[in-house]
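Values in this document were obtained by computation on a predicted structure and should not be read as measured data. All values below come from the heavy atoms of this structure, side chains included, with hydrogens, waters and symmetry mates left out. Protein chains get the first letters and strands the later ones, always in sequence-line order, with residue 1 at the start of each.
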Number of protein chains: 2
Amino acid sequence: MTDPADPTEPKTRTRDAGATKARILEAAKREFAKNGLAGARVDVIAEKAKANKRMIYHYFGSKEVLFQTTLENAYIDIRTAEQKLNLGHLEPAAALERLVRFTWEYYLKNPEFITLVNSENLHRAKHVKKSDVLQTYSRRFVAMVNEILVRGVETGVFRPGVDPVQLNITIAAIGYYYLTNRFTGSILFEKDMMAKQALDERLRFNIETILRLVAA
Amino acid sequence: MTDPADPTEPKTRTRDAGATKARILEAAKREFAKNGLAGARVDVIAEKAKANKRMIYHYFGSKEVLFQTTLENAYIDIRTAEQKLNLGHLEPAAALERLVRFTWEYYLKNPEFITLVNSENLHRAKHVKKSDVLQTYSRRFVAMVNEILVRGVETGVFRPGVDPVQLNITIAAIGYYYLTNRFTGSILFEKDMMAKQALDERLRFNIETILRLVAA
DNA sequence: CGATTTCTGCACCATCTGGTTACTTTTCTG
DNA sequence: CAGAAAAGTAACCAGATGGTGCAGAAATCG
């Protein structure tokens, strides 16, 4: 018998599958990013999501599938944001600078992304392999960068022969490495790599690196 | 208490504490690199090392300390190799190229290093924090690169104002990122990133990137 | 209303895992 | 050679962890 004399009456959101699922995914993103696939605890995810562990298995079936879904969402999120940059309307050098800046800021605002990707590579990309949408997104992204390069060569500001995939990798690398290794880096190099000044300086350095790399 | 017979005689010990310890560390390096700190199994390490699990706890006390020792060894190994490069005797541009090449090849030959560092950063460098020798090694390394930069500026081949720490980070980054993300990269970019040609191409690209970055 | 389906959560389990106790075997020293 | 010390082993344990069974509540539908 439930008590009928409940004064607060928490009638709000009694049953919302979509919201629960979203909360689980958000909690999973954080927990997986914080502790890796093996280190993450399903119970912790359930608790953080204010959901029951049973729901995780109801919606996703296993810890593994939950990880895969989380990862897929993370990739789709950054690729979607990249597409919205509208670099085609910018002058080539400005477009490239904007991309470097965006990549850096995205990593800064979404630190989980980097850690999730690291985890996935620890597992030899076994989850990404199962997803086929991601390739499409990547292909579009490479094409976007290639278009900038072509325009730059045409207008004579860029040198010819720069491979767009290599450039993409390098743009990601110089931001990604700095941030993923910020903990060991701060100790070994004896400086706070996350201080505002250090971050600004690194971004400037990265823009310089990329522009010099493609310069005619 | 001194042995009257020759002290360096080969004792043909079937029991060899040093060798066992070394085997454990080698096995630990592989297991931690393959599965991360949380994913690694102490039993597996014992088995791979052809030692008993009890020995691990006898020599190291805990999984955590074993990881820390493994990591410390890995760092000391690469820093020692770097010091042996003798870059001071080379012309500045050649010295830098050699360093880029060395870094790349070290990562390629010692894939465990990258994964161990990733694991350590997942744990916010809590183990590196406890080691104080590593800072000394790093300091010496930065000084080495700085010396190259200074010489290059003096002879007019490098531009002034390049920060040696940023340069170090960048040299590491462009190799590290490519290799640590080779699994997801191979799928998303739809090309075998570990094919010989792809590796050669990446090394060339990296050398170009660094030389252009510092060029006058 | 009442039957059916979808969602929620408590309690529980089988297994795994880091760590330990107790013991045997080999080596070294006096 | 004795016997202490070091090196090695097997069996075991307590707690944690991914995963479930089942009962019941909330929505949906006839």
Whole angstrom is fine here: how far is it from CG in A:L66 over to C1' in D:dT17? 15 Å

Using whole Å, what does the distance between atom C1' of nucleotide C:dG18 and atom CZ of B:F67 come to? 16 Å

Residues, nucleotides or ligands: over 12 heavy atoms within 6.0 Å of B:E47 CD: no

Using atom CD of A:E47 as one end and atom C1' of C:dT8 as the other, report the distance to the nearest whole Å. 17 Å

Using a cut-off of less than 4.0 Å, is there contact between a side-chain N or O of B:Y59 and OP1 or OP2 of D:dG8? yes

Using the rule given for salt bridge (charged side-chain N to carboxylate O under 4.0 Å, His left out), can you reason through A:E31 versus A:R41, listing the C-alpha separation, both sets of side-chain angles and the distance that settles it, and then say yes or no? CA-CA 8 Å; A:E31 174 71 2; A:R41 298 291 160 242; over 6 Å; no

For the pair made of CD1 in B:I45 and P in C:dT17, what is the distance, rounded to whole Å? 12 Å

Run the side chain to side chain donor-acceptor pair (under 3.5 Å) check on A:R204 and A:T209 step by step: do they pass? CA-CA 9 Å; A:R204 264 211 328 273; A:T209 302; over 6 Å; no

Looking at C:dT8, I'd like to know if its phosphate oxygens (OP1 or OP2) sit under 4.0 Å from a side-chain N or O belonging to A:T20. yes

Flag this pair as yes if the NZ/CZ of B:R140 is under 6.0 angstrom from the six-membered ring centre of B:Y137 and inside a 45 degree cone about the axis; otherwise no. yes

Whether the side chain of A:N52 engages the backbone of A:R54 through a donor-acceptor N/O pair (distance < 3.5 Å, no angle test) should be reported. yes

Nearest to side-chain heavy atoms of B:M55, which nucleotide of C:dG19, D:dG18, D:dT9: D:dT9

Provide, to the nearest angstrom, the distance between the CZ atom belonging to B:R23 and the P atom belonging to D:dA7. 13 Å

May I ask you to say what A:F60 touches in the nucleic acid, namely base, sugar-phosphate or nothing, with a heavy-atom cut-off under 4.0 Å? nothing

Using five base pairs at each end to define the local axes, how bent is the helix from C:dC1-D:dG30 to C:dG30-D:dC1, to the nearest 10°? 0°

Considering only distance and modelled atom types, tabulate donor-acceptor pairs under 3.5 Å from the side chains of residues 62-69 of chain B, sequence neighbours left out.
residue	atom	partner	partner atom	Å
B:S62	OG	B:E64	N	3.4
B:S62	OG	B:V65	N	3.2
B:K63	NZ	B:L37	O	2.8
B:K63	NZ	B:A40	O	2.9
B:E64	OE2	B:K126	NZ	2.9
B:E64	OE2	B:H127	NE2	3.0
B:T69	OG1	B:V65	O	2.8

May I have the distance from B:K21 (atom NZ) to D:dG8 (atom P), rounded to whole angstrom? 12 Å

Do B:R98 side-chain atoms and B:L85 backbone N/O form a donor-acceptor pair below 3.5 Å? yes

What is the distance, rounded to the nearest whole Å, between atom CD1 of B:I56 and atom P of D:dG8? 12 Å

Looking for any heavy atom pair under 4.0 Å, which part of the strands does A:A40 touch: base, sugar-phosphate only, or nothing? sugar-phosphate

Using nucleotides 20-23 of chain D, report all nitrogen or oxygen pairs with the protein that are shorter than 3.5 Å.
residue	atom	partner	partner atom	Å
D:dG21	O6	A:R54	NE	3.0

Hey, is the main chain of A:M194 close enough, under 3.5 Å, to the side chain of A:R182 for a donor-acceptor pair? no

Measure the distance from CG on B:D43 to C1' on D:dC12 and round it to the nearest whole Å. 12 Å

So, B:Y75 versus B:F113, ring centres under 6.0 angstrom or not? yes

